[in-house]
Structures are given as C-alpha cells and as structure tokens.
Amino acid sequence: MTTTPSKKETKILYRCPECGSTNVFQDLNRGELICGTCGLIIDEKLIDKGPEWRAFNSEENNNRARTGSPLSLTIHDKGLSTTIDWKNQDANGKEISVRKRAELYRMRKWQIRSIVYSAQSRNLTIAMSELERLSSQLGIPKEAKETAALIYRKTLNKRLVRGRSIEGIVAASLYLACRIHKIPRPLDEIVIQARTNRKELGQSVRLILKEIDIHPPVPSAMDYIPKIGNSLGLSGKTIYTAIDIIKQAKQKGITAGKDPGGLAAASIYIAGIIQYERRTQREIAEAAHVTEVTVRNRYKDLATKLNITIKP
DNA sequence: AAGACGAAAGTGGTTGA
DNA sequence: TCAACAACTTTCGTCTT
C-alpha cells in the first residue's frame, strides 16, 4: 500500500471572494476549495457527488465493482444450512469405507471454508456500511475512505477483528486513513460520531499500527491550521502567518511532545494579533478543541522561544 | 463586563523499573 | 504491574481593557 499523499488538485472555475482571483483549486485530498492566490479556504467538506468510478462497458463495470452485488444484511440461510458430521459413520451407524471417508473429508474442508468466507463477507458488508455512515458524517473525502476500507480489509484478513467490535475497528481504520492523507481528525472528534468509546478506539488504533504495515506520518500542527483558521473565518494571510510560525517552531525543535491542536491554536492566536485579525483565546480554543489555558501556555511558549513581541 | 492571566488540583496516557 | 512523570484540563480568583 502506498502512503505517499498524491497531490490531487484540480483547477476549477470559481472566483475567490477575498481577492477576486480565479486561481482557485479543489484539493480533493483535504476536501477543500482553496484560492491559489491568497490562500483563502473558500469551502471545506466538499462532497463528491458523482459515482466514485466510471465504467464504459459491462466488462469494466464487472471489474470495477469490487464488492460484488449489493449484499443484503440478512443471512441467506438463517443458520439452517446442512452440516456434515465429523463421525465416520453412516446414518445406520455403520463404518464408512476408506474411499468414502476421504471424500467426506474433502467435503467437510470445503464446507468450512465456505462458512469462513461468508462470515468474512458478511462482516465486510456491515463494516462498509458503517464506514460509509461515519465518513459521510465526518465529511471525509472518498480517498481517505478508500484507504480506510483497505486498512479494514487487512485487519480482517489478519483475523484481528475477532473479539472486537466492527465499529471500533472501522473507526480506527478511518482515523489512520485520515492521518495518512493529512486530513486531521482528532480521535475525540471521531469518538463523537463512532459507536465506540475513546478507550476502545485508542486500543484498536494501536493494534492496527502494530500488526499492519502502515506508517502514517505523525500529525503536524500545520495540518490543523487551515481547518481551524477557516472555521474562525480568518484570511489567507493570517493562515500563512500561522503556518510560518509553526515552521519556525519546528526548526527550533520546540514542537516535540506537544499537542498539535494546541500548537496550531497558539500560532493562529499570534498570527491573528500580527495581522490585526484578532480572535479571543476562547474562540480559538473552541475551534481547535483545546482549552483556553492550553492556548495560553502554548502561545507564551512560542512567543518567548521565537522572540515574537506582541504589541498591545 | 468581557477577556486575559496564572495558580492549584485533577485526569488519562506513557515510561521505566 | 505499579509508581513517577509530563502534558493537558478544570476551576477559580485576580488583573486589564
């Protein structure tokens, strides 16, 4: 699986309300509409309304429909299917010949395999509908959703879902997929929508990280800034300033071990003051899902360590 | 009156013996 | 497995605009 975020930006016909430029891009990785001139995020949580793939003939259609026909959630045999007994006796209690025994052995083997197969596809059906629900509720673009589906399939193949809730693993897959695609969604934000609790989600995330070969980048404060800045209605200039502050902080190595959300909030606070676009600590804290105190502590930290003087 | 600030106590997660 | 620990939160009183 590839973890390199593909730079998928499409230029579209749209005029930026901030600077009037038509240099507007659609960043499908993040699901955002961005002005290429001033950096304003015009819209986020874009929804791809078209079908997720196109087919020009029936053969392609078959090849691309990777989940097969839509499965009904009901179990086709309702648990009433034939079972083959393990006893080597016929209905009258007589011993079965060696040749028949070998045949029976093969039949049992395939029957069990088919049961495992249907159990897995049933699991996948439930999981995918849960994934669909979760990602649409969190406004997650389809690329991250696809990645999440892939991660989920891997965990399913490794039998990691056994004894755990499907919902928990789905949420964990989605969380990791978001990190891979650099669309920050903190655990807590997912917990609100997911049918799990914080503890289980955290455990599942760690389990997948350990067992599956994926290496999502450590979430950076920079990834949070556009989202927070946009929800506060800040201009592209301020957002750039905030990103710049984080870059400086990174160079000085003072970002390690700190909550990226808090750092992002602090840099936005400082950027707001510098660019005369001030927001109160409370507003920023709310948008960044941290407390005022954290904003305060981080911003004090950043200001002293980067020698930024804040004008009163 | 709202916002900013800081101290103190509490919380959940990580680390190292 | 448990205690120490760092980062963050909650709460609350005080100062500033």
Side-chain angles (χ1 to χ4, degrees), chain A residues 155 160 163-165 167-169 171-180 184-212 214-225 227-229 231-235 238-239 241-243 245-312:
Chain A
T155 62
L160 295 176
R164 278 170 261 267
S165 76
E167 286 89 352
I169 303 287
S173 307
L174 196 59
Y175 167 74
L176 288 168
C178 285
R179 265 176 58 180
I180 288 169
R185 288 290 184 283
L187 273 179
D188 296 307
E189 218 168 292
I190 292 180
V191 170
I192 296 168
Q193 301 294 341
R195 296 182 183 129
T196 34
N197 53 53
R198 175 70 210 255
K199 197 176 155 198
E200 197 195 333
L201 183 56
Q203 285 170 347
S204 305
V205 167
R206 256 174 290 154
L207 177 83
I208 295 173
L209 275 178
K210 205 175 82 189
E211 300 288 339
I212 307 285
I214 49 170
H215 307 283
V218 186
S220 156
M222 254 184 263
D223 301 327
Y224 286 82
I225 288 175
K227 186 169 169 247
I228 300 169
S231 72
L232 289 168
L234 292 170
S235 74
T238 309
I239 289 172
T241 312
I243 289 175
I245 290 167
I246 294 292
K247 275 185 191 160
Q248 286 178 43
K250 268 201 171 162
Q251 275 176 2
K252 295 214 169 189
I254 51 173
T255 56
K258 302 288 193 296
D259 176 22
L263 274 170
S267 69
I268 286 175
Y269 181 68
I270 297 172
I273 294 168
I274 292 173
Q275 301 289 353
Y276 302 102
E277 206 171 9
R278 194 168 184 143
R279 293 291 182 279
T280 65
Q281 291 180 356
R282 182 177 305 169
E283 280 176 306
I284 292 171
E286 205 170 305
H289 298 286
V290 293
T291 60
E292 285 172 70
V293 184
T294 305
V295 177
R296 214 143 53 217
N297 291 339
R298 289 288 76 75
Y299 120 76
K300 280 271 171 195
D301 231 33
L302 286 176
T304 52
K305 296 218 170 112
L306 296 175
N307 292 323
I308 299 170
T309 38
I310 281 112
K311 301 156 264 187

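The analysis underlying the following values was restricted to heavy atoms, covering all of them including side chains, and did not include hydrogens, waters or symmetry mates.
For the side chain to side chain contact (heavy atoms under 4.5 Å, CB included) with A:I169, the qualifying choice from A:I208, A:V205, A:L160, A:L174 is A:I208, the only one to do so.
Rounded to whole Å, the distance from CZ on A:R296 to C1' on B:dA4 is 6 Å. The distance between atom CD of A:E292 and atom C1' of B:dG6, rounded to the nearest whole Å, is 12 Å. Rounded to a whole Å, the CG atom of A:N297 is 14 Å from the P atom of B:dA4. The separation between A:D301 atom CG and B:dG6 atom P is 12 Å, rounded to whole Å. Between the CG atom of A:L201 and the C1' atom of B:dG12 there is a distance of 15 Å, rounded to whole Å. The nearest whole Å value for the distance from the CD1 atom in A:I273 to the P atom in B:dG3 is 14 Å. In this entry the distance linking CZ of A:R278 with C1' of B:dA2 reads 13 Å, nearest Å. One interatomic measurement links the two molecules: CD of A:E286 to P of B:dA4, which rounds to 13 Å at whole-angstrom precision.
For A:R282 and B:dG3, a side-chain-to-base donor-acceptor distance below 3.5 Å is absent, hydrogens and geometry of angles not being considered.
Distance from the side chain of A:Q281 is smallest for B:dA4 among the nucleotides B:dT14, B:dA4, B:dA7. For A:V293, the listed nucleotide lying nearest its side chain is C:dT11; candidates were B:dC5, B:dT14, C:dT11. Listed nucleotides C:dT10, B:dC5, B:dA4 differ in distance to A:T291; the shortest reach to its side chain belongs to C:dT10.
With no hydrogens or angles considered, no side-chain donor-acceptor pair links A:T238 and A:T241 at under 3.5 Å. Side-chain atoms of A:S235 and A:Q275 form no donor-acceptor pair, as typed in the model, at a separation below 3.5 Å. Using a 3.5 Å distance cut-off with no hydrogens or angles, the side chains of A:Y269 and A:R296 do not pair a donor with an acceptor.
Where A:R206 and A:Y269 meet DNA chain B, the nucleotide closest to each residue was compared, and A:Y269 sits on the side nearer the 5' end.
When both pairing distances are held under 3.5 Å, C:dA7 makes a Watson-Crick or G-U pair with B:dT11.
The shortest side-chain heavy-atom distance between A:E283 and A:Q281 does not fall under the 4.5 Å cut-off.
Of the side-chain N and O atoms in A:Y299, none sit less than 4.0 angstrom from OP1 or OP2 of B:dA4.
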